[in-house]
Structure formats: C-alpha cells, structure tokens
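This report refers to the structure that appears directly beneath it.
Chain naming here is simple, since letters A, B, ... match the order of the sequence lines and numbering starts at 1 in each.
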Amino acid sequence: MALGLAHRGFRGRITGIAPAGEASGVPADELERRLLELGFTEGAEVEILHEGLFGRDPIAVRVNDATVAIRRREAMAILVS
Amino acid sequence: MSVASQAEPLHFALIGTPNSGKTALFNALTGSRQKVANYPGVTVERKSGLLQTPGGRSVNLIDLPGTYSLRARSPDEEVTRDFVLGRFASEAAPDLLLCVADSTNLRLALRLVLELKRVGRPLLLVLNMIDIARRRGIDIDLDRLSAELGVPVITAAAVRRGGTDDLMRRLDELALEGADTQAQWQSPTAGELRAAQREADRIIAAAVKTPATPDTLTARLDAVLLHPVAGLIILLAILFVMFQAVFSWAKPLMDQITAGFDALGVLSQAWLPEGLLQSFVQNGVISGVGSVIVFLPQILILFLFILLLEDLGYMARAAFLMDRIMGGAGLHGRAFIPLLSSFACAIPGIMATRVIDNPRDRLTTILVAPLMTCSARIPVYTLIIAAFIPDRTVWGFASLQGVVMFGLYAAGIVSALGVSALAKFMFWRESPTPPFMLELPDYKLPRPRSVLMGVYTRAKMFLHRAGTTIFSMMVLIWFLASFPRPPAGATGPAIDYSLAAWIGHAMEPITSAIGFNWQINVALIPGMAAREVAVAALGTVYAIEGGKENAAQIGQTLAQHWSLATALSVLAWYIFAPQCASTLAVIKRETGSWKWMAVTFGYMLALAYAASLVTYNVAAALGAG
C-alpha cells in the first residue's frame, strides 16, 4: 500500500518508489530521485510519527534514523508493507 | 610548487546536507573574517572567509548552500553544483572539498560523499557534532569508515572550543593532493541513487554502532511541539513573544537612533551654509538614510529570533505546522517566517525568503510580503486614526480606534493571502504546487557565538544595502522634492515649487476620484523613501513647523482640511500602495529582475487605487464626504 494512505503510528518497510504521473509538479522520475535522496529507499524502515491538523497533512515520517516531513500527495509514491 | 603560487590563497569549499552544522563549522574556522556577496549572475548568497593553516597557507573558504545531491533543483543547489564542478568562469574549482556530515545522522551524508567522489577533487569527510554522537553512545570506527569510503575522515565539534583543531592540522597535507582530472561527475539516475544509498547503508552497518536505546529527547519534544493542536498553539505563543520583542524591545533604541539622526540634521543645518548643499545633506542624506537605519534594531531582534529558532531546529517544525494553512493560499510552509518578518519591515522579510528552496514559492512570497503591515505604516495609521476616528468604546469593551487599527492589519494579511492565491491561479494554474519535503533535524541548543555571528552578518548586509541601493533611491526622492528651487521671494514651502509638487498637481485629476488633493499627492512622493516620512511631508506641505515631533498638530490641521472620506481613503491607500522605494529595490535585487519589481509595483498600485476608490465613494455616499 502507499505510505500516503497510512495513519499515524504506522510502521513498515519500503517496498518500492513508484511515482505516478506529474501530480507533484515535477516529472515522475524527478520525484523518484528526490525521494531517494531523502533516504526513501527500498528496505528502509518507516514510521509515521506526526500528522498535520488539517486533512492530517503533511506527515512526519521516521526513515531509519532521520525524520522527514512530506505531504501525503508525495507519500503516495512510496509503497510500503 | 613555486614561491609565487605558494602565496596564492587556496580555495576550499564546505559542502554538506542541510542541518549538518556546516555554517557553524564555517564560523568556527573563519571567525569574523567573513564576506557575504552574490554569485555572478544569480542572487544566491556567496559566503566566504579567510583562514590560516598551521603551515602558514592562507585559505579562502567558501560555505556552499546545503544540498543532498549535486543534482541541482534550486538556484542555491545550482550554485553548489557549478562551484564544485568549477563551472564558474570567475571562480577557480576548489582545491579541496570538505564534506560536512552530522555524526548522528550519516545515512544521507555518506551517499553525498559517494557522489562527490566522482567529481575528482580532493575530498575530506568532516564528521561534525562528534561530541553529540559520542554522548549518545554512537560509536564510529573512523579507520574503517575512511577505508570503506576511500576518503580521509576527520572528526569535529564546530561549536566547542578547540573542536576544530584536528581538522586544522590536517588541512596542510590535504591541500597538497592533486585533483583527479579523469573523473567525470554526471547527474545520477534513480538506479545509481539506489545503488549508492545501498552502498552507504552497507558502510554504516560496517563502521557505525548505534546504541540499542536511541535518543528520545527530540521525540518527546515533538510529541508536544508537533501535536496538531498544542503544536499550533505553541507556535502562536512563540510568534506572540517574538512580535512583542520586535516592537517593544526595539523601541528605546529606535527612539535613540531617530534622535541621533535628528541631532545630526540640526548639526548639519548649523554648520553648512543655507542652500542646496545643506538641504541635500539634511533632507537627502541624513533623514533619508536615517529613516531606513531606524529599523535596524527591529531587524536585529527579528533575526536573533529567526536564527535562534533555526539553530534550535524549530524552524522546520514551524514550516511543517503551517504548510497546510499556507498551502491553501498557494504558499509554501516556509513562507511563513518571511511573511511574519514583514510585519516589522518587508526588507528583512524578503531577504528571509532565501530559506524557500523552490523558486516559484519564493517569488510568490516576495510578491506578497510588502502587503503585510510593516512598522513604517504605523506612524501614518496612528496619525490619521487619532485625527479622524472618534475615541469611543464599541461593543462595550473595544476602543473604536483599536478596532480600526486591527482592521488595517487584518486587511493586509487577507490581501496577501488573496494575492498569492490569485498569483497561483494566474501564473501557475497549469502546474501543480511543487513538492514539500523537509528533513526535521534533531533539536539542538543554539550556540550564542554562532547566533551572534549570524545576526552580525545580517546587520552588515542590511547596512550595506541602506548605504548603496537605498541611498541612491533617497537621493532621487530628495531631488524630486527639491528641484527646481523656489523663486526669489517665494512665500510657500520650498516643496510647493518642486518637481514633486508638479507631479502632485499633474496627478490631481486621477487622484480626485479617490479624494486626494494635491497636497496629499505631494506628500506621497517623499513618502516613497519610507512610508512614515509622509507624516513629516504632510507637515511640510501644510506649512507646519516642527516636522515629526509635531504629529498632534499635524493631525489637527488634517482634521480641518480633509473630509472623513478622504482620511479613510488615505488609510485604504496605505494598506496596499507600493510606497517604499527600498522594498522595491530589494525586490529587484532578490529576484534579479526589473520585471518582478514592476509587477509588484503595478499590482500594489492598482489594488491601492481600487481600495481607495471604493472606500472614498462608499464613505462619501454615507455622508462622510
């Protein structure tokens, strides 16, 4: 499933990075590379630590030993299990 | 190496991921010998400083903008890439790259190191914040790390005394290494990024032992500070304190600066013979520059807060909390602080937009920043409110004057959000908002030295600007208000005979629709220097002696000459009008284009005219004309 759909407290492992279309204002390949550069790589452990007030967006995600804030729209490209 | 090249300073560059403590290291290595300028052709800050190696070589150290990769996505990152690759015609490629990493968070930094190796320049990995890592029980096998990476590794604690001694000792030998001219960096593909991160993760597994129980301080703080409701309330409380500080702490100093410049003006009046030179020195130079420098205390306090929050690691959290709220108006979460700063003065606000990495988000923020009610509007607002709005209580508890003041502030905020939503709709309707991704660093106690250094650098930049761009604007405005000189035997104030008066009369047909007489038009021209100068200028055109000190008397005169509708129209005008040459100059500088300066000027002028037109006519129809 997509990390963008997960709730606070979710813990899992990244299984793939697969951006669809240009929903994020940058080409899919560019979004993929940006996510990779922030440490969202296959096998990394993730946990949703915090959510924003409105629409529970953005989310603060623990990726291995770092914390990254990201909007749910971009987190849709991160597949987790 | 020849004697001549021995004397040439070496060029070293600091590169690293955001939050790696790069700037703290830069401050520790170069002390106060820093220079902030712009890179050729772009408006990205170029920070450089001089240091002496123990071996006596002088080194020019460049602090590059933080980046996760050499793949450039923002103007800042383009600078980093072009500098590292030696693509700037005016700058030599660096003799040594110092890649700075946060020892407690190596994962992304090591991937960057692997990418930097492909550039082929001599490279050193600096494990910064090693003191924090050791305290947390993180054990790094330096020899193993160095062997695995194929890069020399050295530890540092930039904020501790003596924390950079090891690094300094190694600089001499490292400087002698030659570059590998065979190496060729190419923008990594997604596959290459994955492979590099896997390799970095493997190296970390081999060389770094993390304790079983991780540090929980940041997690515990975030449980409160990032709480959806409590987090927002705390953010508002912090902002409230910041505001109070900017306005109340700065007040005594600002009063002193004003008094100082006034005294200087009086002095120049006494020493210089009456005439053009005296007028130029007193009204052009001293009061012009003074009217900008008076904001220095506010700017210092503002940047003190911003830098403290930044160093604490809170700024990224503020962006996280505000992202959705700002996003509704098409603004980036990080636009929040620059807009907030603009309540003091739009100039530091626009300067602070540099924290926004996306050019489009940054531009929108710059465009709307001048709509926030800056403190230069306050003297104008208070003058008119005191003169025209009756001092009575409404709704049983609120003062009517206070309600009007609040309304003026609210109108500024609402219009800023509205304009940015409109800009999004007009210019960028087709393209969706760019991604918001931001690392939330661990909380750290700010180091006073580093913060003060930052405040000092900002102050220097602001004064430099006041001394150059802003000064030239002041001279132009003085010229308009002073030429041609009044004919011999003239009775009215000198400004009545000037180009400014001519412009004021020429504008009358247009401004009569919004209830402005020519006296107001004339006062608006010196008001371009800084909004509050209009108060003194109104005094001048209505021939009142005593200038600024005599605000109460000016108010009385205005109450006799203006209708209520005109007064309200002036207030509406001041919410929107691009009445500040310095702000326009800074927009020109920061966007690097006349176009966006013109766009800002144009849209603000249009809004101001429309707002005044509606206000004047509605008020007149209601019988206030």
Side-chain angles (χ1 to χ4, degrees), chain A residues 3-4 7-9 14-78, chain B residues 17 19 67-69 71 73 102 104-108 111-112 115 138 187-190 192-194 196-198 200-201 204 210 214 218-219 222-223 225-229 231-232 316-317 319-325 327-328 333 358 360 428 431-442:
Chain A
L3 184 66
H7 289 275
R8 197 165 78 87
I14 297 179
T15 55
I17 304 294
E22 294 204 2
S24 290
V26 290
D29 166 63
E30 174 62 25
L31 180 62
E32 180 179 8
R33 288 196 277 177
R34 287 197 197 181
L35 288 169
L36 290 168
E37 280 165 6
L38 275 173
F40 290 101
T41 55
E42 284 81 358
E45 290 174 37
V46 287
E47 177 184 355
I48 299 189
L49 298 177
H50 308 282
E51 297 173 327
L53 177 61
F54 304 101
R56 299 205 307 267
D57 193 32
I59 50 176
V61 186
R62 191 81 183 158
V63 195
N64 283 3
D65 291 324
T67 311
V68 178
I70 179 173
R71 285 188 191 139
R72 286 189 179 271
R73 192 184 64 186
E74 276 78 59
M76 291 306 289
I78 303 168
Chain B
T17 58
N19 312 309
T67 183
Y68 291 103
S69 161
R71 281 183 340 101
R73 304 168 308 195
D102 171 358
T104 65
N105 187 9
L106 284 176
R107 195 166 173 250
L108 304 183
R111 201 207 57 74
L112 179 62
E115 185 179 338
I138 298 172
S187 181
T189 63
E192 285 167 336
L193 286 171
R194 281 191 173 88
Q197 188 63 65
R198 262 200 304 280
D201 287 347
I204 289 174
T210 40
T218 294
D222 272 344
L225 295 176
L226 287 187
H227 185 275
V229 180
L232 276 174
R317 269 89 183 169
F320 174 84
L321 290 167
M322 290 306 292
D323 179 62
R324 191 62 189 251
I325 300 169
N358 182 283
R360 194 189 103 182
W428 300 294
S431 55
T433 34
F436 168 81
M437 298 180 202
L438 188 63
E439 208 178 337
L440 301 178
D442 283 351

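Glu115(B) has no carboxylate O lying under 4.0 Å from a charged side-chain N of Arg71(B), or vice versa, which leaves the two without a salt bridge.
Contact count against chain B (heavy-atom pairs under 4.5 Å) is highest for Leu53(A) among Leu53(A), Val63(A), Leu31(A). For the options Leu321(B), Asp222(B), Leu106(B), Val229(B), heavy-atom pairs under 4.5 Å to chain A are most numerous at Asp222(B). Of the listed residues Glu42(A), His50(A), Glu32(A), the one with more heavy-atom pairs under 4.5 angstrom with chain B than any other is His50(A). With chain A as the partner, the residue from Arg198(B), His227(B), Glu439(B) showing the most heavy-atom pairs under 4.5 Å is Glu439(B). The candidate with the highest count of non-hydrogen atom pairs below 4.5 Å against chain A, out of Gly231(B), Ala190(B), Gly327(B), Pro435(B), is Pro435(B).
Taking 4.5 Å as the limit, some side-chain heavy atom of Leu440(B) sits within range of a side-chain heavy atom of Leu226(B).
Heavy atoms of Arg56(A) lying under 4.5 Å from chain B are absent altogether. Using a 4.5 Å cut-off between heavy atoms, Leu232(B) contacts chain A through its side chain alone, with no backbone atom that close. For Pro441(B), no part sits under 4.5 Å from any heavy atom of chain A, backbone or side chain. Of the atoms belonging to Thr218(B), not a single heavy atom falls under 4.5 Å from chain A. For Asp57(A), the parts lying under 4.5 angstrom from a heavy atom of chain B are both the backbone and the side chain.
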Between Thr104(B) and Asp65(A), is a side-chain contact (heavy atoms from CB on, under 4.5 Å) present by the stated rule, with each step listed? CA-CA 9 Å; Thr104(B) 65; Asp65(A) 291 324; over 6 Å; no

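Rounding to the nearest 0.5 angstrom, the gap separating the CZ atom in Arg72(A) from the CD1 atom in Ile59(A) is 5.0 Å. Annotation: the span from Arg34(A) atom CZ to Asp29(A) atom CG amounts to 11.0 Å, rounded to 0.5 Å. Of the inter-residue distances, the one linking Thr41(A) atom OG1 with Ile17(A) atom CD1 reads 7.5 Å to the nearest 0.5 angstrom.
Ala60(A) and Phe320(B) get closest at one heavy-atom pair: N-CE1, 3.6 Å.
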